[in-house]
Amino acid sequence: MTESAFRPTPEMIEAVEEWHQRRPEERVRRALVPVLRDRFHLTVTQAVEVIRQSHVGGANAA
């Protein structure tokens, strides 16, 4: 999959929402981009796109 063809899945968007629900000290200990990269085997660019789409409401996911 090329970077331009990447589309975040609903599961990826949900992972961002779950991360935001964590306690602040947990979020500091484990930053969001590495969480997404490890969980979904994403590049940094893809992880940032997931975060960006989650702030748009996830409407473009899937």
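When reading the values below, keep in mind they use all heavy atoms of this one structure, side chains included, and skip hydrogens, waters and symmetry mates.
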When the side chains of residues 23-36 are checked against the rest of the protein, which donor-acceptor pairs come out under 3.5 Å, sequence neighbours left out?
residue: Arg27; atom: NE; partner: Arg22; partner atom: O; Å: 3.2
residue: Arg30; atom: NH2; partner: Asp38; partner atom: OD2; Å: 2.2

>> For a quick test of reading the model, state the closest non-hydrogen atom pair linking Gln53 to Pro8 and the distance between them.
In response: CG-CG, 3.7 Å
>> Just verifying a value: how many Å separate Arg7 CZ and Gln46 CD, rounded to the nearest 0.5 Å?
In response: 13.0 Å
>> Applying salt bridge (Lys or Arg N to Asp or Glu O under 4.0 Å), can you list everything that pairs with Glu14, at least two apart in sequence or on another chain?
In response: none
> If you round to the nearest 0.5 Å, how far is CD of Glu49 from OG1 of Thr43?
Replying inline: 10.0 Å
> Who passes ring pair (Phe, Tyr, Trp, His ring centres under 6.0 Å) against His20, sequence neighbours left out?
Replying inline: His55
>> By the ring-ring contact (aromatic ring centres under 6.0 Å, His included) test, which pairs, at least two apart or in different chains, include something from residues 22-49?
In response: none
>> Using every non-hydrogen atom in the two residues, find where Ile13 and Val50 come nearest and quote the distance to one decimal.
In response: CD1-O, 3.7 Å
